[in-house]
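Right, one structure below, let's go through it.
No experiment lies behind these values; they were computed from the predicted model shown.
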Amino acid sequence: MSARDAERAAGLAAALAHDVGKYLARIARNVPPGGDVPPALAAMLLADVFETHAGRPALARFDELAPDLAALTHDARLDEVRALLTTAASHERAARDGDPAALRALASLALAVESTLRALARDLRAGARP
């Protein structure tokens, strides 16, 4: 990968980590591991996952940024994140209905997405340095 492409990849990964990972996990960080999502946090968690970027789901923002990054890096972690976000989408109806297991799953998935995207951004940033 050229230095220019490495810089572009690092920038895209940083945008994904910020626009998707950071905002997706904002409330999930406050959910006790393995515990129920307190009612006061449930609505905010749902908004983080399904209305995180300009009122659209995190998956929509991911789908805007990830293809260009995938073309540059072919990093399997992008497929992992897409699978996590797709799984989160499958829990939407139950989570909106207040199902505790679905809300716990969303919190866990959000943290996994954030962790993966942060690691990807960190690795690509390190590779983009001269």
Side-chain angles (χ1 to χ4, degrees):
M1 178 182 324
S2 71
R4 183 171 167 249
D5 284 347
E7 266 187 58
R8 185 162 180 258
L12 287 167
L16 271 171
H18 179 270
D19 291 5
V20 177
K22 176 183 175 181
Y23 289 106
L24 189 71
R26 182 178 64 107
I27 295 301
R29 284 187 216 101
N30 297 297
V31 174
D36 284 342
V37 177
L41 298 180
M44 290 185 280
L45 176 64
L46 288 166
D48 284 353
V49 177
F50 301 113
E51 301 163 19
T52 194
H53 191 266
R56 298 174 308 133
L59 180 57
R61 182 63 174 155
F62 177 83
D63 283 343
E64 289 173 358
L65 296 171
D68 289 343
L69 182 56
L72 291 168
T73 67
H74 308 289
D75 195 298
R77 289 176 286 190
L78 293 170
D79 294 330
E80 293 170 25
V81 169
R82 185 156 214 318
L84 291 167
L85 291 170
T86 300
T87 300
S90 74
H91 292 290
E92 182 175 10
R93 178 60 5 222
R96 289 193 184 279
D97 289 342
D99 179 82
L103 288 165
R104 278 192 304 276
L106 283 184
S108 177
L109 290 163
L111 293 173
V113 166
E114 180 193 37
S115 174
T116 304
L117 289 176
R118 284 178 151 232
L120 176 61
R122 181 184 58 245
D123 293 349
L124 291 176
R125 185 174 51 247
R129 292 187 188 133

Legend entry - With Phe50 via ring-ring contact (aromatic ring centres under 6.0 Å, His included) - residues at least two apart: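 Partners of Phe50 by the ring-ring contact (aromatic ring centres under 6.0 Å, His included) criterion come out as none, since no residue qualifies.
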Quick check: closest heavy atoms across [X] and [Y], and the distance to 0.1 Å?
X      : Y      : result
Ala10  : Leu124 : CB-O, 3.8 Å
Ala28  : Ala107 : CB-O, 3.5 Å
Val81  : Thr116 : CG2-CG2, 3.6 Å
Ala102 : Ala95  : CB-N, 3.6 Å
His74  : Ala71  : NE2-O, 3.4 Å
Leu45  : Ile27  : N-CG2, 4.0 Å

Pairs under 3.5 angstrom only: tabulate donor-acceptor contacts from the side chains of residues 18-25 to other protein residues two or more places apart or in another chain.
residue: Asp19; atom: OD2; partner: Arg61; partner atom: NE; Å: 2.8
residue: Asp19; atom: OD2; partner: Arg61; partner atom: NH2; Å: 2.6

Inset, instruction - Measure the spacing between CG of Leu16 and CZ of Arg118 and express it to the nearest 0.5 Å. - result: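 Separation between the atoms: 13.5 Å.
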Legend entry - Qualifying residues under salt bridge (charged side-chain N to carboxylate O under 4.0 Å, His left out), relative to Arg77, sequence neighbours excluded: Asp75, Asp123
Legend entry - Test salt bridge (charged side-chain N to carboxylate O under 4.0 Å, His left out) applied to Asp63 - qualifying residues, sequence neighbours left out: Arg82
Inset, instruction - Report the C-alpha separation of Thr73 and Leu78 in whole Å, then their side-chain angles, then the decisive distance to 0.1 Å, and conclude whether the side-chain contact (heavy atoms from CB on, under 4.5 Å) test is met. - result: CA-CA 9 Å; Thr73 67; Leu78 293 170; 4.2 Å; yes
Legend entry - Leu103 side chain reached by Val31 side chain, heavy atoms, under 4.5 Å: no
Inset, instruction - Flag yes if more than 12 heavy atoms outside Arg29 fall under 6.0 Å of its CZ atom; otherwise flag no. - result: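 Enclosed.
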Legend entry - Partner residues of Thr87 under the side-chain contact (heavy atoms from CB on, under 4.5 Å) criterion, sequence neighbours left out: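 In terms of side-chain contact (heavy atoms from CB on, under 4.5 Å), with neighbours along the sequence ignored, Thr87 is linked to Ser90, His91, Leu109.
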Legend entry - Any pair counted as side-chain hydrogen bond (donor to acceptor under 3.5 Å, both in side chains), so long as it reaches residues 36-50, sequence neighbours left out: Arg26-Asp48, Asp36-Arg104
Legend entry - Option passing side-chain contact (heavy atoms from CB on, under 4.5 Å) with Leu106 (candidates Val49, Leu111, Asp99): Val49
